[in-house]
Novice: 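One structure, as structure tokens, below. Some questions next.
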Amino acid sequence: MRALGLIGLVLALAIVGVLVKRQMGSMAGTPAADARPQLSQPGQAVQVRQQFKQSLDEAMQQARPIPEDAR
């Protein structure tokens, strides 16, 4: 009885594997609808740094002041 369950499990896993492989193959040729143009590696680094700095500045502006008795 366990062998039948194991065979069923392996069969289901094989079917899922085939479906995933087929789906990934069909996606390889089509670009994403909202894909942004790829930047060069240095260009991406600069953009990430700018986004991080902007986020940090916004977070610092929203920070609550420290109460006087906590100092």
Novice: Taking only residues two or more places apart in sequence, or in another chain, which ones meet Lys21 in a side-chain hydrogen bond (donor to acceptor under 3.5 Å, both in side chains)?
Specialist: none
Novice: Mind checking whether Ile15 and Ile7 sit in one hydrophobic cluster, side chains of I, L, V, M, F, W, Y counted as touching below 4.5 Å?
Specialist: no
Novice: Establish whether Leu19 and Leu11 are linked, either directly or via other cluster members, by ILVMFWY side-chain heavy-atom contacts under 4.5 Å.
Specialist: yes
Novice: Which residues pass the side-chain contact (heavy atoms from CB on, under 4.5 Å) test with Val18, not counting sequence neighbours?
Specialist: Arg22
Novice: Atom CZ of Arg49 and atom CD of Gln54: how far apart are they, to the nearest 0.5 Å?
Specialist: 15.5 Å
